[in-house]
Amino acid sequence: MEEMTKSTLVGDCNDAEDRFKEAFKYYKRRKPPPDMKDILQVGDDCKGVVQIPGLTLCNTEENEVEALGLIPFKLWKIWTFSSHPGLVIIQNPFTREGQMKWIHDCLTKYSRPPNKTNLASHGITQCDKTWWEQSTSTEGKKTDLIKKLRWATLGYHHNWDTKEYSESNRGEMPSDLMKLCNIITKVLGYEEFRAEAAIINYYHMDSSLGPHTDHSEPNRSAPLLSFSFGQGAIFLIGGSSKETKPTALLLHSGDIMIMAGASRLAYHAVPRIIKVPEEPWKIDYCDQCFAVKYTAFYNCEESLLSDGKEKNTNNRQKENFSCTVYKSSILTDSNRRNCSACKSENYIKIELSSNLLDILEYAKTSRININVRQVLLSSMKNLQF
């Protein structure tokens, strides 16, 4: 694990043998910009990339999927890479509301104490107002405070100086993030995985993350989970040494990457953030009262929506698909607003209120990456035992 900065230094290495550094510098350079033709994007026509099925969830876990902002797991597209055993990408299994939920939580919840951040190094305290409240205030916008947050740590806090974890430097892991990780790892067959530490990187368009391996954890066999939201990123993954030429992947908002097996200790980096045209986190809302429409997924073989309304299944194949319904979602509460602009019977009051506009603006110019890992061996209760 390596601290993400605006300009990340690469460790000393013989340049003649450091093929990773060469690729990193190539994709990071601004003038002239790199050729993107060799960057791999997962899809049906990718050579050496194979789609695999996931494992089955129990009924309780299936019910949790929607609450976590995910589409039904049977619709997930899961890809493996022949050149990188253990590397898996789940291609954006989030709904729009789900992406917005996790972006919202990273900005307004996970950035707050008692979680650790880099803000103290800038003399920024969160005693009276949170960083997000300060950043979105009139004064905060004048000083560009929103770009000061670079990372936050949850659960076991990684010590950037010693590169170690300790019991005295441990907080709580958010329960919904733990549930999300449990669902992902269960579908992939890692049933013993425990989410015990997380680092959230807040990238801007000039940010990068230098080549490194994640080896601070006593448990180096449990997979690493990486969730991407907002703008795209070029991700480089190589081998156990920097002599291996890395593969360049383009990660999109909503993609989940898992590094396990031989890929768990592979060198990796993010040399460049990419502006993308799509906005899969952008929800349909009323600009007068910030009420939101909600997209639900259901199966044609069922006869009713969750609110009891009949579905029109004429001339449709028996498969899962999405439609827009109006119901209380992970972003909303149960109170409806009386807004003539959006006809409130068709919308639901959104929990985010006017924060929505600032969150949408942030996602247009930034990338958020949640990295989750298991610290302890399965036999350990803590770092001492």
Side-chain angles (χ1 to χ4, degrees), residues 1-14 17-18 20-21 24 28 86-87 106 110-111 113-122 148-173 177 181 193-203 207-227 233 235-244 246 257-271 368-385:
M1 181 190 308
E2 180 168 308
E3 182 175 356
M4 187 271 298
T5 62
K6 180 176 179 180
S7 179
T8 308
L9 298 177
V10 181
D12 293 333
C13 186
N14 187 328
E17 299 177 349
D18 195 343
F20 202 113
K21 180 179 180 181
F24 181 84
K28 185 178 178 180
L87 180 66
C106 287
Y110 300 159
S111 60
N115 298 326
K116 304 292 182 69
T117 70
N118 68 301
L119 292 174
S121 64
H122 295 287
K148 298 297 184 182
L149 180 64
R150 313 301 290 190
W151 56 262
T153 55
L154 321 174
Y156 277 106
H157 300 291
H158 185 261
N159 187 310
W160 300 108
D161 297 322
T162 64
K163 308 296 184 184
E164 294 178 349
Y165 297 99
S166 69
E167 287 298 324
S168 61
N169 193 21
R170 181 182 185 181
E172 294 292 327
M173 281 290 291
L177 183 56
C181 294
F193 178 85
R194 302 194 305 259
E196 296 172 332
I199 175 170
I200 304 171
N201 284 325
Y202 300 83
Y203 294 85
S207 300
S208 63
L209 179 66
H212 67 285
T213 63
D214 290 316
H215 56 267
S216 297
E217 299 77 23
N219 191 333
R220 300 188 185 102
S221 59
L224 301 176
L225 277 64
S226 173
F227 303 86
F235 179 83
L236 300 180
I237 182 166
S240 58
S241 76
K242 293 182 181 179
E243 296 178 8
T244 302
M257 182 171 62
I258 298 89
M259 295 171 63
S263 294
R264 169 61 177 82
L265 293 173
Y267 274 92
H268 54 282
V270 178
I368 298 174
N369 183 222
I370 310 173
N371 296 281
V372 183
R373 71 257 351 265
Q374 179 173 332
V375 175
L376 305 176
L377 296 168
S378 298
S379 59
M380 299 171 68
K381 294 182 179 179
N382 53 51
L383 288 167
Q384 281 75 45
F385 302 99

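Values below: every heavy atom of this structure, side chains too, minus hydrogens, waters and symmetry copies. Keep in mind that this is a model prediction, so the values were computed, not measured.
The distance from the NZ atom of Lys148 to the CG atom of Leu119 is 10.0 Å, given to the nearest 0.5 Å. The structure places OG1 of Thr153 at 13.5 Å from CZ of Arg170, a figure rounded to the nearest 0.5 Å. Atom CD1 in Ile258 sits 11.0 Å away from atom OG in Ser263 (nearest 0.5 Å). How far SG of Cys106 is from CD1 of Ile368: 5.0 Å, rounded to the nearest 0.5 Å. Taken to the nearest 0.5 Å, the OG atom of Ser121 stands 12.0 Å off from the CH2 atom of Trp160.
The backbone N or O of Gln384 lies less than 3.5 Å from no partner atom in the side chain of Glu167, so there is not a single donor-acceptor pair. Between the side chain of Asn369 and the main chain of Asn201, no donor-acceptor pair closer than 3.5 Å is present. For the pair Arg220 (side chain) and His215 (backbone), a donor-acceptor distance under 3.5 Å is present. In terms of modelled atom types and a separation under 3.5 Å, the side chain of Gln374 and the main chain of Arg194 share a donor-acceptor contact. Without hydrogens or angle criteria, Tyr267 side chain to Thr244 main chain gives no donor-acceptor distance under 3.5 Å.
In plain terms, the two heavy atoms of Leu377 and Pro218 that are nearest each other are CD2-O, 3.7 Å. Across all non-hydrogen atoms, the minimal contact from Ser208 to Tyr203 is C-CE2, 4.3 Å. What you find for Gly238 and Ala266 is that their closest heavy atoms are O-CB, 3.6 Å. Shortest non-hydrogen contact noted between Tyr156 and Ser166 is CD2-O, 3.8 Å. Considering all non-hydrogen atoms of both residues, Phe193 and Pro223 come closest at CE1-O, 3.3 Å. Here the closest heavy-atom approach between residue Thr117 and residue Ser111 is recorded as CG2-O, 3.6 Å.
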For this session: Verify side chain to side chain contact (heavy atoms under 4.5 Å, CB included) between His268 and Leu236, making sure each step is shown before the conclusion.
Result: CA-CA 5 Å; His268 54 282; Leu236 300 180; over 6 Å; no
For this session: Please report the C-alpha distance between Asp214 and Arg264 in whole Å, then the side-chain angles of each, then the deciding distance to 0.1 Å, and finally whether the side chain to side chain contact (heavy atoms under 4.5 Å, CB included) criterion is met.
Result: CA-CA 8 Å; Asp214 290 316; Arg264 169 61 177 82; 3.9 Å; yes
For this session: Would you check, one step at a time, whether the test side chain to side chain contact (heavy atoms under 4.5 Å, CB included) holds for Ser207 with Leu209?
Result: CA-CA 7 Å; Ser207 300; Leu209 179 66; over 6 Å; no
For this session: Let me see the working for Asn118 and Leu149 under side chain to side chain contact (heavy atoms under 4.5 Å, CB included), right down to the final yes or no.
Result: CA-CA 6 Å; Asn118 68 301; Leu149 180 64; 3.6 Å; yes
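The side-chain hydrogen bond (donor to acceptor under 3.5 Å, both in side chains) with Ser216 is formed by just one residue from the set Lys163, Arg373, His158; it is His158. For the side chain to side chain contact (heavy atoms under 4.5 Å, CB included) test with Lys116, the passing option among Leu154, Asn169, Asn159 is Asn169; the others fail.
Looking at heavy atoms from C-beta onward, Pro246 lies out of side-chain contact with Phe235 at the 4.5 angstrom threshold. Counting heavy atoms from C-beta on, the side chains of Ile200 and Ile370 come closer than 4.5 Å. Within the 4.5 Å cutoff, no side-chain heavy atoms of Tyr165 are placed close to those of His157.
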